[in-house]
**Q** 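Let me begin by handing over the structure; questions about it come next.
All values derive from a computational prediction rather than experimental measurement. Residue numbers start from 1 in every chain, and the chains themselves are labelled A, B, ... in the order their sequence lines are given, proteins ahead of strands.
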Amino acid sequence: MDEQQAQEKQSTLEQILAQRREKIARIREMGFEPYPYAFDVSHKSREITDHYEALEGKSVAVAGRLMTIRRMGKASFAHLQDAGGRIQLYVSRNDIGEKTYEMFMLLDIGDIVGVRGVVMKTRTGEITVKVDALTLLSKNIRPLPIVKEKDGVVYDAFADKELRYRHRYLDLIVNPEIKDVFIKRSAIIRATRDFFDSRGYLEVETPILQPLYGGANARPFITHHNSLNTDLFLRIADELYLKRLIVGGFDRVYEFSRNFRNEGMDRNHNPEFTAIEFYQAYVDYYYMMDLVEHYFRHIAETLGSPLIEYQGESIDFSKPFARRTMAELFHEYLGIDLGKADETLFAAWAREHHFEYDPKWNYGQFLDKLFDEFIEPKLLQPTFVLDYPKAISPLAKVRRDGDPRFVERFELFICAAEYVNAFSELNDPLDQRERLEGQDRLRALGDDEAQMLDEDFIRAIETGMPPTGGVGIGLDRVIMLFTGQSTIKDVLLFPAMRPEKLS
RNA sequence: GGGUGUGUAGCUCAGCCGGUAGAGCAGCGGCCUUUUAAGCCGUUGGUCGAAGGUUCGAUUCCUUCCACACUCACCA
């Protein structure tokens with residue numbers, strides 16, 4: 001009595017969990033093992049639906065998760081979902097026997113089963129496995145969100161983004177189409193690796209735990225090594241290590257670099273993200289521009305078409321990318337002559353155009369802000385932007401001709417977002433030291449995103465680095481572009497979230 | 001960090017001007033051997049995100065907090 005009353009007070013979830021534990025016990029009592037060790041699969045559901053003519057009347061063995069169950073007394077229909085799709089099962093007591101059918105009646109949506117049976121079509125024409133043997137492979141005790149579908153219309157979709165990201169396994173089960181993004185992600189990574197391997201690049205791995213961080217301007221995550229009793233940083237970039245390898249004599253290296261930046265999160269930023277950086281000796285940024293263009297073309301072609309649609313913009317990767325210098329763009333969009341511009345002129349322009357600015361901004365910061373505000377939004381078709389201010393590019397070589405306030409650096413913009421950052425790498429050790437010392441001074445003045453002075457890196461450059469072209473590509477953004485996603489969370493299986501509070 | 005919005009059953013959602021809650025699905029008990037958002041009969045399940053306040057009375061109004069989404073800023 002008391003027990004019954006206690007049970008009555010349980011929430012539905014608690015009831016379901018208790019009922020399913022009870023079912024496990026009953027299944028065991030009936031002589032079935034709810035968690036066996038293996039099952040011989042002969043076909044994927046997709047193979048059966050794709051090759052029905054060849055398989056009709058043949059016996060197959062498939063395994064997967066029960067996603068629908070429609071019981072009608074002594075016979076039932078169900079859908080079984082495996083990695084590639086779904087197939088209907090017809091389960092009748094006559095075919096599988098009374099005892100197994102009794103066990104089947106205890107199964108729930110979410111259970112994993114293996115079945116053997118004959119491929120057929122029902123009278124409504126759906127390809128179906130007429131089951132003659134059914135094995136429970138894993139009993140579910142926690143209910144799945146139930147999604148119904150008719151004629152392609154989904155009812156009660158599992159669409160809460162928080163739940164989807166936090167419980168990605170549920171998302172993948174219930175919304176299997178999102179698997180496609182991650183399958184494509186894998187294809188892009190493979191195509192990237194092929195691209196560099198086939199060009200004689202060596203894939204390398206460099207430290208993620210770094211005693212000093214560098215290669216980008218960003219705040220790091222800090223951790224501690226106990227036996228060395230020293231703080232270490234999770235890398236914000238692998239640039240300085242890859243350059244050491246160029247010094248060491250590897251003349252083409254690349255790395256898929258998981259980077260960590262302790263900064264804000266939004267649709268384009270996750271605290272950990274993947275970049276691909278690559279360095280090639282004896283070439284400059286013009287060479288790297290061509291290579292990057294080939295890279296994007298290669299990815300597009302690998303995925304099937306040079307034409308893509310992203311955020312309402314059609315992009316044709318078979319066409320050459322535009323190449324515009326900063327100076328041209330400033331002249332065109334803002335009417336500013338960068339050759340004559342200085343802080344005073346920028347400030348005057350900003351006042352005239354009611355653009356809010358900080359009087360403390362230097363030349364480089366002004367240029368950066370104005371670019372972000374007035375030029376970047378216009379760069380929809382793939383456009384290389386060339387020649388950035390030296391002040392904000394401490395690792396790039398000064399332009400070989402023209403204004404020494406600019407460096408040989410390019411970024412690639414597509415659909416108003418940045419995808420690539422590249423330099424003719426600075427290999428003059430005296431200049432490099434001077435620039436990093438300048439960064440160090442900025443740090444001392446409170447700019448916690450200024451780069452650190454890494455003496456060993458300077459030593460490496462002093463040892464002699466050949467002329468080198470170097471590139472970093474934001475791989476997650478590339479994947480967003482080619483999978484049509486507008487949020488980085490949707491191309492990361494487990495995007496960063498505030499830890500769940502379990503009460 | 002700012003703005004906007006959301007938070008009610010396992011899932012998807014209603015709930016008006018304040019009177020302590022509803023539906024569908026899922027679950028549970030039945031019936032049902034070609035169904036497919038299966039159907040039919042019956043039925044369990046809620047500290048209405050949290051804490052305060054106003055009130056005779058708060059899911060509803062107010063305040064604060066928490067979480068998430070969108071967005072702006074910051075940031076490559």
Side-chain angles (χ1 to χ4, degrees), chain A residues 4 7-20 22-23 67-79 86 88-96 101 106 108-110 120-126 128 130 140-167 170 174 215-219 236-237 259 261-271 273 275 356 368-369 371-373 376 388 392-393 411-413 417-421 448-449 472-474 476-477 486-487 489 495 497-501 503:
Chain A
Q4 260 187 358
Q7 195 148 9
E8 275 166 20
K9 279 183 189 162
Q10 288 179 327
S11 70
T12 42
L13 182 58
E14 285 167 336
Q15 281 178 23
I16 290 170
L17 297 179
Q19 285 159 358
R20 294 202 179 169
E22 172 62 21
K23 283 179 177 179
M67 295 302 289
T68 67
I69 302 176
R70 293 178 292 284
R71 297 186 218 273
M72 300 165 302
K74 299 181 188 66
S76 302
F77 287 92
H79 276 103
R86 278 187 184 198
Q88 181 168 257
L89 307 180
Y90 176 72
V91 183
S92 88
R93 195 176 65 171
N94 282 357
D95 296 330
I96 65 169
Y101 196 77
L106 293 175
D108 296 286
I109 289 170
M120 61 146 191
K121 264 187 188 170
T122 62
R123 67 179 179 199
T124 55
E126 180 163 355
T128 300
K130 190 167 182 288
N140 161 299
I141 64 167
R142 188 170 287 273
L144 255 41
I146 305 294
V147 175
K148 298 272 181 170
E149 190 192 331
K150 187 187 187 182
D151 302 331
V153 183
V154 174
Y155 298 80
D156 300 340
F158 180 61
D160 184 305
K161 287 191 173 187
E162 180 180 1
L163 295 178
R164 285 186 46 222
Y165 296 143
R166 283 197 194 281
H167 311 300
L170 285 179
V174 170
N217 297 81
R219 275 186 285 268
I236 59 171
N259 295 334
R261 298 187 184 177
N262 206 340
E263 288 167 353
M265 298 160 59
D266 61 31
R267 66 165 60 182
N268 287 310
H269 297 87
N270 194 68
F273 65 100
E356 260 187 62
D368 216 27
K369 302 284 182 190
F371 179 85
D372 285 353
E373 181 70 19
E376 190 181 90
Y388 282 66
I392 56 170
S393 314
E411 297 192 339
L412 173 63
F413 291 86
E418 180 211 330
Y419 288 81
V420 177
N421 183 23
D448 51 3
E449 285 167 5
I473 301 180
D476 302 298
R477 290 188 188 172
S486 57
T487 302
K489 282 183 158 81
M497 302 283 280
R498 191 180 298 275
E500 184 180 15
K501 274 189 187 160
S503 50

**Q** If you go through the side-chain atoms of A:D156, does one of them form a donor-acceptor pair with the base of B:rG24 closer than 3.5 Å?
**A**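 Yes, a donor-acceptor pair under 3.5 Å.
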
**Q** If we take the C1' atom in both B:rG53 and B:rA69, what is their distance in whole Å?
**A**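 These two C1' atoms come out 29 Å apart once rounded.
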
**Q** Within the 4.0 Å heavy-atom criterion, would you say A:E149 contacts the bases, only the backbone, or no part of the nucleic acid?
**A**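 Touches sugar-phosphate only.
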
**Q** Relative to the 5' end of RNA chain B, which residue comes earlier, A:H79 or A:H269, by the nucleotide with the nearest heavy atom?
**A** A:H79

**Q** Now, which nucleotide makes the Watson-Crick or G-U wobble pair with B:rC56, with each of the two distances under 3.5 Å?
**A**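 Partner of B:rC56: B:rG19.
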
**Q** Take atom CZ of A:R93 and atom C1' of B:rC32, then tell me their distance rounded to the nearest Å.
**A**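 Nearest whole value for this atom pair: 12 Å.
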
**Q** In whole angstrom, give me the gap between the P atoms of B:rU63 and B:rG5.
**A** 12 Å

**Q** Could you go through A:H269 and A:E263, starting from their C-alpha distance and side-chain angles, then the distance that decides it, and tell me whether this counts as side-chain contact (heavy atoms from CB on, under 4.5 Å)?
**A** CA-CA 8 Å; A:H269 297 87; A:E263 288 167 353; 5.9 Å; no

**Q** Applying the side-chain contact (heavy atoms from CB on, under 4.5 Å) test to A:F158, which of A:L144, A:I146, A:V174 qualifies?
**A** A:V174

**Q** Just call it for A:T68: base, sugar-phosphate, or nothing, with non-hydrogen atoms closer than 4.0 Å on any strand.
**A**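 Nothing: the residue A:T68, judged by heavy atoms under 4.0 Å, touches no strand.
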
**Q** Looking at B:rU47, which nucleotide sits across from it as a Watson-Crick or G-U wobble partner, both distances under 3.5 angstrom, or is there none?
**A** none

**Q** Test for a donor-acceptor pair under 3.5 Å between the base of B:rU44 and the side chain of A:T12, counting only N and O atoms.
**A** no

**Q** Counting side-chain heavy atoms from C-beta on, which of B:rC68, B:rU34, B:rC11 comes nearest to A:M497?
**A** B:rC68

**Q** Paired with B:rG42 by Watson-Crick or G-U wobble geometry, both distances under 3.5 Å: which nucleotide is it?
**A** B:rC28

**Q** Picking from B:rC70, B:rG10, B:rU34, which would you name as closest to the side chain of A:P143?
**A**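 Nearest listed nucleotide: B:rG10.
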
**Q** Which whole number of Å gives the distance between the P atom of B:rA51 and that of B:rU8?
**A** 15 Å

**Q** Could you tell me which nucleotide pairs with B:rC74 by Watson-Crick or G-U wobble geometry, both distances under 3.5 Å, or answer none if nothing does?
**A** none

**Q** In whole angstrom, give the distance that lies between atom CG of A:L106 and atom P of B:rG27.
**A** 13 Å

**Q** Measuring only the P atom in each nucleotide, how far is B:rG2 from B:rG18? A whole number of Å is fine.
**A**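 To the nearest whole Å, 31 Å.
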
**Q** Taking only the P atom of each, what is the distance from B:rA26 to B:rA58 in whole angstrom?
**A**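 Here B:rA26 and B:rA58 have their P atoms 36 Å from each other.
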
**Q** Take atom CD1 of A:I16 and atom P of B:rU43, then tell me their distance rounded to the nearest Å.
**A**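 One finds 19 Å between P of B:rU43 and CD1 of A:I16, rounded.
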
**Q** Consider the side chain of A:S92, meaning its heavy atoms from C-beta on, and name the nucleotide among B:rU44, B:rU33, B:rC28 that approaches it most closely.
**A** B:rU33

**Q** Hey, is the side chain of A:R164 poking within less than 4.0 Å of OP1 or OP2 on B:rC68, counting only N and O atoms?
**A** no

**Q** Please work out if A:R20 contacts a base, only the sugar-phosphate, or nothing of the nucleic acid, heavy-atom cut-off 4.0 Å.
**A** sugar-phosphate

**Q** Regarding A:R219, tell me which of base, sugar-phosphate or nothing describes its non-hydrogen contacts under 4.0 Å with the strands shown.
**A**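 Result for A:R219 = nothing.
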
**Q** Quick check for you: among B:rA37, B:rC68, B:rU35, whose closest atom lies nearest to any side-chain atom of A:Q88?
**A**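 When the side chain of A:Q88 is considered, B:rU35 is the closest of B:rA37, B:rC68, B:rU35.
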
**Q** What is the distance from CD of A:E14 to C1' of B:rG27, rounded to the nearest Å?
**A**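 For the pair A:E14 CD and B:rG27 C1', the rounded distance is 14 Å.
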
**Q** Phosphate oxygens OP1/OP2 of B:rU34: is one of them under 4.0 Å from a side-chain N or O of A:K121?
**A**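 Indeed not, no polar side-chain atom of A:K121 lies that close.
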
**Q** Is a donor-acceptor contact shorter than 3.5 angstrom present between the side chain of A:N94 and the base of B:rU33?
**A**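 Indeed there is one.
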
**Q** Answer with base, sugar-phosphate or nothing: what part of the nucleic acid does A:K74 contact at a heavy-atom distance below 4.0 Å?
**A**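 Counting heavy atoms under 4.0 Å across all strands, the contact made by A:K74 includes a base.
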
**Q** Can you find a donor-acceptor pair, distance only, under 3.5 Å between A:Y90 side chain and B:rU35 base?
**A** no

**Q** Take atom P in B:rG30 and the same atom in B:rU20, then report the distance between them in whole Å.
**A** 36 Å

**Q** Base of B:rU35, side chain of A:R70 - is there a donor-acceptor contact under 3.5 Å?
**A**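 Donor-acceptor pair under 3.5 Å: yes.
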
**Q** Counting only Watson-Crick pairs (N1-N3 plus N6-O4 or O6-N4) and G-U wobbles (N1-O2, O6-N3), all under 3.5 Å, who is the partner of B:rA67?
**A** B:rU6

**Q** Nearest nucleotide by nearest heavy atom, which residue falls closer to the 5' end of RNA chain B, A:A216 or A:I146?
**A** A:I146

**Q** Does A:K23 place a side-chain N or O at less than 4.0 Å from the phosphate oxygens OP1/OP2 of B:rC28?
**A** yes

**Q** Nearest whole Å is fine: how far is B:rC31 P from A:R71 CZ?
**A** 13 Å

**Q** Where the side chain of A:F77 is defined as all heavy atoms beyond and including C-beta, which of B:rC70, B:rC11, B:rU34 is the nearest nucleotide?
**A** B:rU34

**Q** On the nucleotide B:rA69, are OP1 or OP2 found under 4.0 Å from the side-chain N or O atoms that A:K489 carries?
**A**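 Result: yes.
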
**Q** What is the minimum heavy-atom distance between A:R20 and A:I109, and which atoms define it?
**A**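 Heavy-atom minimum between the residues: NH1-O, 4.0 Å.
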
**Q** Measuring from the side chain of A:L13 (C-beta onward, heavy atoms only), which nucleotide among B:rC11, B:rU35, B:rG10 has the closest atom?
**A**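 Among the listed nucleotides, the one closest to the side chain of A:L13 is B:rG10.
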
**Q** Mind checking the P distance from B:rC62 to B:rU44? Whole angstroms is fine.
**A** 35 Å

**Q** On a whole-Å scale, what distance lies between the P atoms belonging to B:rG52 and B:rU12?
**A** 29 Å

**Q** Which atom pair, heavy atoms only, marks the closest approach of A:Y419 to A:R477?
**A**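 So the two residues come closest at CE2-O, 3.3 Å.
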
**Q** Give me syn or anti for B:rC17, where syn covers glycosidic angles within 90 degrees of 0.
**A**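 Syn for B:rC17; the angle stays within 90° of 0.
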
**Q** Among the nucleotides B:rU34, B:rC74, B:rC70, which one has an atom lying closest to any side-chain atom of A:D266?
**A**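 Side chain of A:D266 sits closest to B:rC74.
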
**Q** Suppose we call a contact any N or O donor and acceptor under 3.5 Å apart; does that hold for the side chain of A:E126 and the base of B:rU34?
**A**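 Check fails, no donor-acceptor contact within cut-off.
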
**Q** Looking only at side-chain atoms of A:E263, point me to the closest of B:rC75, B:rC11, B:rU33.
**A** B:rC75

**Q** Just how far, in rounded Å, is C1' of B:rA69 from CG of A:N270?
**A** 16 Å

